[in-house]
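Below you'll find the structure, written out as structure tokens, and then a few comments.
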Protein chains: 2
Amino acid sequence: MADVKSGPNPLFLREEDLRQGIELLFYAYRDFTAEPDAMLAKIGLGRAHHRVVYFVGRYPSITVTELLGILQITKQSLSRVLGDLVEQGYVAQRTGTKDRRQRLLTLTEKGLELERHLSDAQRARIAQAYRNAGAAAVEGFRTVMLGIIDQEDRARFQPAIPKR
Amino acid sequence: MADVKSGPNPLFLREEDLRQGIELLFYAYRDFTAEPDAMLAKIGLGRAHHRVVYFVGRYPSITVTELLGILQITKQSLSRVLGDLVEQGYVAQRTGTKDRRQRLLTLTEKGLELERHLSDAQRARIAQAYRNAGAAAVEGFRTVMLGIIDQEDRARFQPAIPKR
DNA sequence: GAAATAAGTCAACATGGCTGACGTAAAATC
DNA sequence: GATTTTACGTCAGCCATGTTGACTTATTTC
């Protein structure tokens, strides 16, 4: 039987608290993606395109391998959406100078505009939530979210190492 | 151009903070779903099955309409996965007594076991993150996540109204 | 008695994952 | 300098999960 109403355990975490955590993630992600999904549908693109546009915008000149590492999908899956984006002029590719096997990806003006448009809804949602919650809550949010993310990717959120 | 390095605005939120929020959600959800997805793949089920099993476990005797309201998918989509789960003996249906049009859904023993198994990985991840972050951070996490969720579903997280 | 609701069904389609096999160019290694 | 590894791409086919639209049945509500 699911031990739904067990008492507090020595670490202060009740079954119910954990369930709530699971559900917060489910509902937040569901609502967080709904708006961009609706916009994308109008121009014949999907969530996968959004992710690529987002991360190419985030890391200009990112390589295909790096992008695959972030998205955790196969290159065949990426190739489909990336192909669409290049074909439709959202993403530009150029050969790497240091390593000429690499294809460095950047957003075109059109791509930048799409990225801004799509992520605006998400930014607004986050901004609203942050503002209403206050700085201390935001700090707690960051800490917990980082704890949920696999160790390997936590470094992405660390402030750049100051040169000394 | 994306205003990535603009200074703090009067509400303390910088473009960079918002980007970070977006990314925290992306990575957390990606890693949060990876483990159960791998388990599900071994028994020929998918994430959609997990969601149904989860919410039927969460709300025993839930109706199909209520479940659709939570998942925000069409009944045709639900019917496929629900059909699999009933057929394979994870979920039991019985006719509502008050309203005999309804099919009330509950987990069988087998379903309870599956739910526990799948969600254990998620619970462990949350528990770990909560423990490392501390009670205050968890409170902040909850507050921000609630702010991200659409108004309509926030009530699900309110403590049951005490009878007076 | 008529209308609305809960649930199910059939058919067709799109998206975005996957595996497997294979190819090419460039870089790195022996 | 030859071999191996890496980065990237491609073709083909499959699966899971979402969609729309049309229609049915049983039951409840008005």
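Letters go in sequence order (proteins before strands), and every chain restarts at 1.
Atom CG in Asp84(B) sits about 15 Å away from atom C1' in dT9(C), given to the nearest Å. Atom NE2 of His49(B) is separated from atom P of dC15(D) by 14 Å (rounded to the nearest Å). Distance, Asp37(A) CG to dT17(D) P: 17 Å, rounded to whole Å. As rounded to whole Å, 13 Å separates atom C1' of dT17(D) from atom CG of Leu45(B). Residue Gln76(A) contributes atom CD, which lies 14 Å from atom P of dA12(D) at whole-angstrom precision. Atom pair Leu78(A):CG and dG17(C):P shows a separation of 9 Å (rounding to whole Å applied). Leu82(B) places its CG atom 14 Å from the C1' atom of dA6(C), with the value rounded to the nearest Å. Distance NZ (Lys42(B)) to C1' (dA16(D)): 19 Å, rounded to an integer number of Å.
Other residues, nucleotides and ligands contribute more than 12 heavy atoms inside 6.0 Å of the CD atom of Gln72(B).
Counting all heavy atoms, side chain and backbone alike, Ala48(A) lies closest to Val81(A) at CB-CG1, 3.7 Å. The minimum heavy-atom distance between Thr33(B) and Gln122(B), with the atom names listed, is CA-NE2, 4.3 Å. Of all heavy-atom pairs between Gly147(A) and Ala129(B), the closest is C-CB, 3.6 Å. Closest heavy-atom contact between Arg94(B) and Ser61(B): NH2-OG, 3.2 Å.
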Quick one: do Tyr29(A) and Ile148(B) satisfy side-chain contact (heavy atoms from CB on, under 4.5 Å)? Show the steps, please.
-> CA-CA 9 Å; Tyr29(A) 197 76; Ile148(B) 292 171; over 6 Å; no

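By the 4.0 Å N-to-carboxylate-O rule, Asp31(B) lies too far from Arg154(A) to be salt-bridged with it. Using a 4.0 Å cut-off between charged side-chain N and carboxylate O, Glu139(B) and Arg142(B) make a salt bridge. Under the 4.0 Å criterion applied to side-chain N and carboxylate O atoms, Asp150(A) and Arg125(B) are assigned as salt-bridge partners.
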Spell out protein contact along nucleotides 23-30 of chain C as letters: B when the base is contacted, S when just the sugar-phosphate is, - when no protein heavy atom is under 4.0 Å; keep the 5' to 3' order.
-> ---BS---

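The side chain of Gln102(A) sits closest to dA7(D) out of dT10(D), dG16(C), dA7(D). Closest to the side chain of Ala48(A), out of dG20(C), dG16(C), dG8(C), is dG16(C).
With hydrogens and angles left out, the side-chain atoms of Glu115(A) and Tyr90(A) include no donor and acceptor closer than 3.5 Å.
Two residues, Arg80(A) and Gln93(A), neighbour DNA chain D, and the one matched to the more 5' nucleotide by heavy-atom proximity is Gln93(A).
Panel note: side chain Thr143(B), backbone Ala133(A); no donor-acceptor pair is recorded below 3.5 Å.
When the C1' atoms of four end pairs are superposed on the next four at each end of the helix from dG1(C)-dC30(D) to dC30(C)-dG1(D), using five pairs per end, the two resulting axes differ in direction by 30°, to 10°.
The side chain of Ser79(A) places no N or O atom within less than 4.0 Å of a non-bridging phosphate oxygen (OP1 or OP2) of dG9(D).
Listed by residue number, the members of residues 56-74 of chain A with any heavy atom below 4.0 angstrom from DNA chain D are Thr63(A), Val64(A), Thr65(A).
Taking the six-membered ring for Trp and thresholds of 30 and 60 degrees, Phe55(A) and Tyr59(A) have nearly parallel ring planes, at less than 30 degrees apart.
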